[in-house]
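Read through the structure below, which is laid out as structure tokens, and then see the notes.
Note: hydrogens, waters and symmetry copies are ignored here, and every other heavy atom, side chains too, is used. This chain uses plain numbering: 1 for the first residue, then up along the sequence.
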Amino acid sequence: VGAGSELLHEFAGQIDLIGGGPDFRYFYSTDVTRGVDVHQYIGGAESDPIPPPPVVPLPGLQLNTVYSPDGTMSAWAADTVMFGVTVRPRNINIGDFAGGSYVRLTVDGARPGFAERNRYDYPSFSPNGQVLAYQRWAQSWDGVATDSFHVYIHDLIAGKRTLVTYEHTYPRGFFPTFSTDGDWLVYVLDRDRTGQWEFYGSPMSGNDVDGSIASMKKFTTTGGQIVTGAPKDLKRPPMAWNPVSSVLAVAAADNTLYLV
């Protein structure tokens with residue numbers, strides 16, 4: 001309103017209002033390809049609400065950061081070794097803005113004697129803020145076994161992790177997201193390992209997801225064009241839920257906007 005004024009001079013990215021504003025949080029980064037740190041601007045003062053520890057990897061490198069619906073928490077993926085290493089394990093962290101702290105949510109699960117190789121990514125909060133979904137790329141531990149790409153949920157209240165895509169022979173599940181009404185966990189899936197990427201959904205009841213194939217529903221028929229490429233190179237397509245109804249808008253790889 002009016003002429004406006006400069007609040008932040010440099011390294012400021014995505015802005016999200018806290019409540020109805022005027023306070024806000026924003027992404028601070030000198031190189032967004034390597035990650036961001038969430039800073040906030042409250043009452044005219046800038047601060048880092050969840051300071052990272054002074055350890056490797058470089059502090060503040062959050063990837064694919066999301067906020068809980070009530071704005072009290074954030075979740076993000078972070079590499080656990082320095083940028084530039086060929087095989088970089090990645091884990092999910094969840095932070096509490098009020099407490100100014102965070103915890104690592106995922107456990108690598110590598111075979112004893114082998115380096116961490118799992119890459120957890122793309123966290124997503126449920127509408128009630130009690131469940132976090134994410135994907136896991138389990139990289140081959142010996143270069144011979146097949147990589148797998150699973151979808152998980154983590155009940156933050158019960159402290160319980162559940163594998164959603166447990167029945168799939170060739171697990172290729174990516175980019176989980178919850179419907180606005182909380183009735184479905186929706187994700188991109190190449191069900192038969194043929195490069196046909198479509199949206200599927202697993203029904204929810206409370207904080208539980210029924211991941212059985214019998215209960216799974218196919219939501220799109222695009223000829224497999226929601227995303228394209230090899231599984232390890234896939235990028236999350238631009239997508240957003242309608243805030244008042246369970247309609248998902250997706251900008252797919254075929255340059256078409258789909259309403260799911």
Handout entry: Minimum side-chain heavy-atom gap Phe97-Ile50 below 4.5 Å
Key =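 When only atoms from C-beta onward are counted, Ile50 and Phe97 do touch, with a gap below 4.5 Å.
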Exercise for the section: Measure across Trp197 and Thr222 and return the closest heavy-atom pair with its distance rounded to 0.1 Å. Expected result: O-OG1, 4.1 Å
Practice task
Over all heavy atoms of both residues, which pair between Thr177 and Ser124 is shortest? Give the atoms and the distance, please.
Solution key: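 Closest heavy-atom pair between Thr177 and Ser124: CA-OG, 3.6 Å.
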Exercise for the section: For the residue pair Arg136 and Tyr152, confirm or rule out a side-chain donor-acceptor distance under 3.5 Å. Expected result: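 Yes - a donor-acceptor pair under 3.5 Å links their side chains.
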Practice task
Consider only side-chain N and O atoms of Ser202 and Tyr187, and report whether a donor and an acceptor are under 3.5 Å apart.
Solution key: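 Short answer, yes.
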Handout entry: Trace of the side chain to side chain contact (heavy atoms under 4.5 Å, CB included) decision for Asn118 with Thr106
Key = CA-CA 10 Å; Asn118 288 315; Thr106 53; over 6 Å; no
Exercise for the section: Given side chain to side chain contact (heavy atoms under 4.5 Å, CB included), test Asp208 with Lys160 step by step and report yes or no. Expected result: CA-CA 10 Å; Asp208 296 319; Lys160 178 181 70 174; 3.5 Å; yes
Problem - Heavy atoms of other groups near Asp70 CG, more than 12 under 6.0 Å - result: yes
Practice task
Please confirm whether Phe174 and Phe149 have ring centers closer than 6.0 angstrom.
Solution key: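 Yes, close enough.
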Exercise for the section: Salt-bridge test for Asp147 and Arg119: reply yes if a basic N is under 4.0 Å from a carboxylate O, no otherwise. Expected result: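 Salt bridge flag = no for Arg119 with Asp147.
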To the nearest 0.5 angstrom, please state how far the [atom1] atom of [X] sits from the [atom2] atom of [Y].
X      : Y      : atom1 : atom2 : answer
Glu198 : Leu189 : CD    : CG    : 9.5 Å
Arg90  : Asp121 : CZ    : CG    : 4.5 Å
Thr194 : Arg172 : OG1   : CZ    : 8.5 Å

